[in-house]
There are 2 protein chains.
Amino acid sequence: MTTQKTYSIGELAREFQITTRTIRFYEDQGLLHPQRRGQTRIYLPSDRVALKLILRGKRLGLSLAESRELIQLYIPTGDNRHQLQALLDKIAEKRAMLAQQLKDIQAMQQEMDEAEQRAREAMMQLENNNV
Amino acid sequence: MTTQKTYSIGELAREFQITTRTIRFYEDQGLLHPQRRGQTRIYLPSDRVALKLILRGKRLGLSLAESRELIQLYIPTGDNRHQLQALLDKIAEKRAMLAQQLKDIQAMQQEMDEAEQRAREAMMQLENNNV
DNA sequence: CAACATCTTTACGTTTACGTAAACTTCCCC
DNA sequence: GGGGAAGTTTACGTAAACGTAAAGATGTTG
């Protein structure tokens, strides 16, 4: 018997640097589904993974609704063909978004290079004028 | 004499698939600074570039405040050393963010691969059961 | 056993990023 | 010269993602 590790809401909040309010809000929005012991929420490793996905999604500008979709891509899929095709479509859609973001990041990185260049050159100018 | 091209608010809205309300809002937030001919706004190519940066920022999850910072990295920097150092710090900060996003994207792409695999396998199962 | 930490629910407040509507000029066209 | 089409300002509305506060249950520790 493999007993799973469990987490309290406070533990997760500390680990991920968010508030308990935020975690409860994600549950409210259907992104997390913790167990209960009485009133108290008990989180399993799978909840922790979901939380990681949500926060990663946030860093990439996903809405909670979008992250919920993403999480559902991980739920064991005993679906029918129609559902599976919809799933594949969603995956393709997310891929396209990621590809666009990759482009955006590369463009921004290049512009950071150029901005840094300009700043360094302006700094050199100041050095020279001060001799 | 090199006369610059100009754009109306409607032209830009159409080109970037946003509303004029949105463009005016960005001006309100200090992200755009169009000329005026009487009451009417006249946009220069530099405004158009700024708009592109804003929209790219949005795709990467930047707030308008963050995009405003980014845009300021492009303003000709006739600053003093202190300002320039602050500028370099900001650039480094944005770089770190982009690096994190890159990681996030790669992780997500891999998970999309896996999700697609699972979906395809589930589909194959259905095919077999139906023979 | 009193006090403190941690948990709970309920509910109103706040920020960001616009949407939507009203009421008004300006220009162009037949 | 009476409509449109496109521009303007002003202002209230809204969805998303929490923040913040109140009021209470639960556990544990000196």
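Chain letters run A, B, ... following the sequence lines, proteins first, then strands; residues in each count from 1.
Under the side-chain hydrogen bond (donor to acceptor under 3.5 Å, both in side chains) rule, B/Q117 has a single partner from B/E114, B/R120, B/E121, which is B/E121.
Heavy-atom distances under 4.0 Å link DNA chain C to B/T19, B/R21 of residues 7-21 of chain B, given in residue order. Annotation: proximity of residues 23-32 of chain B to DNA chain C (heavy atom, distance under 4.0 Å) is found for B/F25, B/Y26, numbered in ascending order. Remark: A/R36, A/Q39, A/T40, A/R41 in residues 35-51 of chain A come within less than 4.0 Å of DNA chain C through at least one heavy atom. Remark: nothing in residues 52-64 of chain A comes within less than 4.0 Å of DNA chain C through any heavy atom.
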query: Hey, mind stepping through A/Y43 and A/E11 against side-chain hydrogen bond (donor to acceptor under 3.5 Å, both in side chains) and telling me if it holds?
result: CA-CA 10 Å; A/Y43 296 87; A/E11 281 177 293; over 6 Å; no
- request: Go through the steps for B/E111 and A/L53 under the test side-chain contact (heavy atoms from CB on, under 4.5 Å), then give the verdict.
  value: CA-CA 10 Å; B/E111 279 155 14; A/L53 288 177; 3.6 Å; yes
task: Could you walk me through whether A/L70 and B/M108 pass side-chain contact (heavy atoms from CB on, under 4.5 Å), step by step?
output: CA-CA 10 Å; A/L70 265 180; B/M108 265 204 197; 3.7 Å; yes
- prompt: Which is it for A/Q101 and A/M97 under the side-chain contact (heavy atoms from CB on, under 4.5 Å) test, yes or no, and what are the steps along the way?
  reply: CA-CA 6 Å; A/Q101 286 195 319; A/M97 184 203 71; 4.0 Å; yes
Show me the donor-acceptor pairs within less than 3.5 Å that the side chains of residues 57-67 of chain B make with the rest of the protein, sequence neighbours left out.
from  : atom 1 : to     : atom 2 : distance (Å)
B/R59 : NE     : A/D104 : OD2    : 2.7
B/R59 : NH2    : A/D104 : OD1    : 2.7
B/R59 : NH2    : A/D104 : OD2    : 3.4
B/S63 : OG     : B/A65  : N      : 3.4
B/S63 : OG     : B/E66  : N      : 3.2
B/S63 : OG     : B/E66  : OE1    : 3.4
B/E66 : OE1    : B/S63  : N      : 2.8

Distance-only criterion, 3.5 Å: show the donor-acceptor pairs between side-chain atoms of residues 87-94 of chain B and protein atoms not counting sequence neighbours.
from  : atom 1 : to    : atom 2 : distance (Å)
B/D89 : OD1    : B/Q85 : NE2    : 3.0
B/K94 : NZ     : B/E69 : OE1    : 3.4

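For B/L55 against B/Y26, the heavy-atom pair with the smallest separation is CD2-OH, 4.3 Å. Smallest separation of non-hydrogen atoms from A/Y74 and B/R118: CA-NH2, 3.6 Å.
In this view, A/R68 satisfies the salt bridge (Lys or Arg N to Asp or Glu O under 4.0 Å) rule with no residue, not counting sequence neighbours. Under the rule for a salt bridge (Lys or Arg N to Asp or Glu O under 4.0 Å), the partners of B/R36 that lie at least two apart in sequence or sit in another chain are B/E27. In terms of the salt bridge (Lys or Arg N to Asp or Glu O under 4.0 Å) criterion, A/D47 has no residue partners (sequence neighbours excluded). Residues forming a side chain to side chain contact (heavy atoms under 4.5 Å, CB included) with B/Q17 (at least two apart in sequence, or on another chain): none.
Screening residues 13-25 of chain A for salt bridge (Lys or Arg N to Asp or Glu O under 4.0 Å), with sequence neighbours left out, gives A/E15-A/R48.
First and last contacting nucleotides of DNA chain C toward chain B (any atom under 4.0 angstrom from a heavy atom, 5' to 3' order): C/dA17 to C/dT20.
Put simply, the side chain of A/R95 reaches to within 4.5 Å of the side chain of B/D113, judged on heavy atoms.
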